[in-house]
Peer 1: 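One structure, pasted below without further comment.
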Amino acid sequence: MMELDLPGQDIDDIEDLISATDIKPKERYQNKKSVTVRVKRKPKIDVNADADTETAVKAKTIHESVIPGTQKVFVKTWGCAHNNSDSEYMAGQLAAYGYNLTARKEDADLWLLNSCTVKNPSEDTFRNEIESGMRNGKHVVVAGCVPQGAPKSDYLRGLSVIGVQQIDRVVEVVEETLKGHSVRLLQSKKVDGRRVAGARLALPKVRKNPLIEIISINSGCLNQCTYCKTKHARGDLASYPPPEIVERARQSFAEGCCEIWLTSEDTGAYGRDIGSSLPELLWQLVEVIPEHCMLRVGMTNPPYILEHLEEVAKVLQHPRVYSFLHVPVQSGSDHVLGEMKREYCRKDFEHVVDFLRARVPGLTIATDIICGFPTETEQDFEETMTLCEKYRFPSLFINQFFPRPGTPAAKMERIPANLVKKRTKRLTDLFYKYEPYAGREGQVYTVLVTEISHDKQHYVGHNKSYEQVLLPMRDNLLGTAVRVRITGTSKFSMNAEILDDEQEWTRCAKKQIDEKDGIDASSLRKERLLQRYVGIALLIGSVAFLLQLLIKILLSK
């Protein structure tokens, strides 16, 4: 047998690998304030509990070492497009490192739960999911606005937490959690002492929809509404620089996306912290959108779009930008808007809607209403009703007021629940009275097909006004722009037939070459794949070395 010249050949026994002078586990973690080392005890299981009942608790598997590819991770998200983008980034990093992502939570070793703090019911569901995971012996990592805004909540005690600005460290958090440790990363990111928007936009992603890229252009907001807790989690406004956003868009199209959604807590406020503006960013993005691809602008509050109305109207008319804008009004009463600290009045909102509708043909405006804010009187609510009756918004998100702990509105005297429900029903009834798509039969549109309907019976396309059009599920239809004729309408969508033959369907003209650097997109993908497996190769090499060492020791005995 050939003698191998390996380091450590003078080791007599495997125990000699650990010296008395080696660093101890406790010392290893002393300088890592975010990591809590916990005793690896098996959870107590009620031996008298029926295994089929919810009181039975399964023991978690504690891993001494973690080799990517041997554990499965389940990711679940609540909330807005910003939260969904964060989840896609975290999933992308885990997949790039070698972890297996699964849609079956019962098969997963670890659950990554990304939360939303806007509504109390969302938080209740989040809490229930945590308890379900713990009960079923799953490792649980929590992320998103809930743990960021209230990290000391009792039901988060002992759990690993990823803050909204720390999603780029998800791999190390998952690794330590699988080993039985608790990690809490809640710090803000700073560069040269200045707070930044968050993790780099160029991180790998696993998109929920491969055709749609969600880009968060800024984090946090300028205002602090009395009912909202998002500011507690996301903080003050911090914008990504335009070149980084544009490069992310370019990269997304090269990877096969045909639609981009811009998202943030308030897109209208974009750039105010870095000397830029939303229109400035939009004009730069328009230049890199390939033919037959589309851009959707995210939610903007009224105060921060008023000064940009002229430019925003021009951008929304561009053929590769949806004529769609989400502008939440929350109430039609100036008194309630003042109590909410919304920083605008009803006339401001009406000016936004009237101005944009007059200049953007077929514009769709969506808005939000909160029913039952603590100071809302019957007269206040009537003003909300008249506003919604005046504009008949095709997309109207109706919410009942929920007091969020730690907000000024939570300390206000609440309106009786039955009155809140009554007002909510009145507004809902008004919304269902009108049919925004009635009489559209026979009209012809070009739609971009990017989704599958909730009932899995249709493909979903959107026309220039971002109106939902349901189409038959034809092969090769996803990711194409096609001409359709409307055959029927409902409250929320239109049904259509396809006019073009398949050879006439047009696909997104993806830019395969980076215009700035001349880098081939396929080379970029190969480079990312190489990076993905480098870490795995190093781990496997280390394990192989230890096995060889162990075999040599055993053979020498």
Side-chain angles (χ1 to χ4, degrees), residues 29-38 73 75-80 82-94 110-118 120 122-123 126-127 129-131 133-134 139-201 203 216 218-221 224 228-240 263-265 273 404-407:
Y29 289 105
Q30 274 181 342
N31 65 339
K32 296 184 179 181
K33 297 179 180 179
S34 298
V35 179
T36 304
V37 181
R38 302 194 178 278
V73 178
V75 182
K76 184 167 183 176
T77 312
W78 292 263
C80 63
H82 197 163
N83 255 23
N84 278 278
S85 179
D86 286 351
S87 289
E88 290 178 351
Y89 273 125
M90 289 189 283
Q93 292 169 87
L94 292 170
L110 180 143
W111 291 5
L112 173 56
L113 307 177
N114 191 4
S115 61
C116 173
T117 191
V118 173
N120 199 56
S122 298
E123 188 170 338
F126 174 60
R127 184 190 300 115
E129 198 75 356
I130 291 173
E131 292 170 354
M134 302 296 287
H139 294 277
V140 176
V141 173
V142 295
C145 294
V146 170
Q148 182 74 58
K152 296 182 181 180
S153 299
D154 287 342
Y155 66 93
L156 299 177
R157 190 173 298 157
L159 295 178
S160 288
V161 177
I162 302 174
V164 294
Q165 289 203 317
Q166 300 289 339
I167 60 173
D168 54 341
R169 299 180 65 182
V170 63
V171 170
E172 63 182 282
V173 174
V174 166
E175 279 191 323
E176 292 297 335
T177 303
L178 287 167
K179 293 176 185 177
H181 302 150
S182 175
V183 188
R184 297 172 78 84
L185 302 176
L186 295 164
Q187 305 89 338
S188 294
K189 282 190 177 297
K190 293 185 178 180
V191 174
D192 298 328
R194 181 175 178 174
R195 183 175 173 271
V196 296
R200 293 179 300 110
L201 294 180
L203 290 171
S216 54
N218 54 269
S219 182
C221 51
Q224 187 156 3
C228 183
K229 201 172 181 181
T230 303
K231 180 92 171 212
H232 296 200
R234 298 280 183 179
D236 291 323
L237 177 70
S239 304
Y240 285 100
T263 185
S264 75
E265 284 65 58
D273 57 318
R404 308 302 295 121
T407 62

Peer 1: Whether the side chain of Asp236 engages the backbone of Gly220 through a donor-acceptor N/O pair (distance < 3.5 Å, no angle test) should be reported.
Peer 2: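 No.
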Peer 1: Mind listing the closest non-hydrogen atom pair of Asn83 and Arg234 along with its distance?
Peer 2: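 Closest approach of Asn83 to Arg234: OD1-NH2, 3.0 Å.
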Peer 1: So, the side chain of Asp86 versus the backbone of Gly144: is there a donor-acceptor pair under 3.5 Å, distance only?
Peer 2: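 A pair under 3.5 Å: no.
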Peer 1: Does the side chain of Arg404 come within less than 4.5 Å of Cys228's, by heavy atoms?
Peer 2: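 Sidechains of Arg404 and Cys228: no contact.
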Peer 1: Looking only at non-hydrogen atoms, find the nearest pair between Trp111 and Glu129 and report the distance.
Peer 2: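 For Trp111 versus Glu129, the nearest heavy atoms are CZ3-O, 3.5 Å.
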Peer 1: Taking the side chain as C-beta and beyond, is there a heavy-atom pair between Leu94 and Val171 under 4.5 Å?
Peer 2: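 With C-beta onward as the side chain, the pair touches.
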Peer 1: Of all residues at least two apart in sequence or in a different chain, which pass the side-chain hydrogen bond (donor to acceptor under 3.5 Å, both in side chains) check with Gln224?
Peer 2: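 Applying side-chain hydrogen bond (donor to acceptor under 3.5 Å, both in side chains) to Gln224 gives none.
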Peer 1: Are Leu159 and Met134 close enough, and set up right, to give a side chain to side chain contact (heavy atoms under 4.5 Å, CB included), and what steps lead you there?
Peer 2: CA-CA 10 Å; Leu159 295 178; Met134 302 296 287; 3.9 Å; yes
Peer 1: Taking the side chain as every heavy atom from C-beta outward, state whether His139 and Ser160 have any pair of such atoms under 4.5 Å apart.
Peer 2: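 Result no, sub-4.5 Å side-chain heavy-atom pair not found.
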Peer 1: Ignoring hydrogens and geometry, is there a side-chain-to-backbone donor-acceptor pair from Gln148 to Ala143 under 3.5 Å?
Peer 2: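 Between the backbone of Ala143 and the side chain of Gln148 there is no qualifying donor-acceptor contact (under 3.5 Å).
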Peer 1: Say whether, by atom type as modelled, one donor and one acceptor occur between the side chain of Thr77 and the main chain of Ser87 under 3.5 angstrom.
Peer 2: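 Side chain of Thr77 to backbone of Ser87, a donor-acceptor pair under 3.5 Å: no, none is there.
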Peer 1: Are side-chain heavy atoms of Ile162 and Leu185 found at a separation under 4.5 Å?
Peer 2: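 Side-chain contact under 4.5 Å: no.
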Peer 1: At their closest point, which heavy atom of His181 faces which heavy atom of Glu176, and how far apart are they?
Peer 2: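 In terms of heavy atoms, the two residues are closest at ND1-OE1, 2.7 Å.
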Peer 1: If only atom types and distance count, is the side chain of Ser264 paired as donor or acceptor with the main-chain N or O of Ser219 below 3.5 Å?
Peer 2: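 No; judged by distance alone, with no hydrogens or angles, the pair does not exist.
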Peer 1: To check you understand the geometry: which heavy-atom pair defines the closest contact between Ala238 and Ala197, and what is its length?
Peer 2: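 That would be O-CB, 3.2 Å.
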Peer 1: Checking the side chain of Tyr89 only, and the main-chain atoms of Leu201 only, is there a donor and an acceptor separated by less than 3.5 Å?
Peer 2: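 Yes, Tyr89 side chain to Leu201 backbone: donor-acceptor pair under 3.5 Å.
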Peer 1: Once rounded to the nearest 0.5 Å, what's the spacing between atom CG of Leu203 and atom CD1 of Ile167?
Peer 2: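 Nearest 0.5 Å value for the CG-CD1 distance: 6.5 Å.
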Peer 1: What is the minimum heavy-atom distance between Gln166 and Leu186, and which atoms define it?
Peer 2: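 Closest pair (atom of Gln166, atom of Leu186, distance): CG-N, 4.4 Å.
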Peer 1: Please name the pair of heavy atoms, one in Ser115 and one in Pro147, separated by the smallest distance, quoted to 0.1 Å.
Peer 2: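 Residues Ser115 and Pro147, closest heavy atoms: OG-CD, 3.1 Å.
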Peer 1: For the pair Lys229 (side chain) and Pro405 (backbone), establish whether a donor and an acceptor sit closer than 3.5 Å, ignoring hydrogens and angles.
Peer 2: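 The answer is yes, because a donor-acceptor pair under 3.5 Å joins these two groups.
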Peer 1: Please identify each residue that fulfils salt bridge (charged side-chain N to carboxylate O under 4.0 Å, His left out) with Glu131, with sequence neighbours left out.
Peer 2: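 Testing Glu131 for salt bridge (charged side-chain N to carboxylate O under 4.0 Å, His left out), a comparison that skips the adjacent residues, returns none.
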Peer 1: Taking C-beta and beyond as the side chain, do Arg200 and Asp168 meet within less than 4.5 Å on heavy atoms?
Peer 2: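 Of all side-chain heavy-atom pairs linking Asp168 with Arg200, none is under 4.5 Å.
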Peer 1: Quick one: list whatever passes side chain to side chain contact (heavy atoms under 4.5 Å, CB included) with Gln165, sequence neighbours left out.
Peer 2: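 Ser188, Lys189, Arg195.
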Peer 1: With a 4.5 Å heavy-atom cut-off, do Val174 and Met90 have their side chains touching?
Peer 2: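 No; the side chains remain at least 4.5 Å from each other.
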Peer 1: Have Ser239 and Asp273 got a donor and an acceptor in their side chains that come within less than 3.5 Å?
Peer 2: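 Asp273 and Ser239 do have a side-chain donor-acceptor pair below 3.5 Å.
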Peer 1: Would you check if Leu156 and Ile130 make a side-chain contact, meaning some heavy-atom pair closer than 4.5 Å?
Peer 2: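 Side chain of Leu156 against side chain of Ile130, heavy atoms only: contact under 4.5 Å found.
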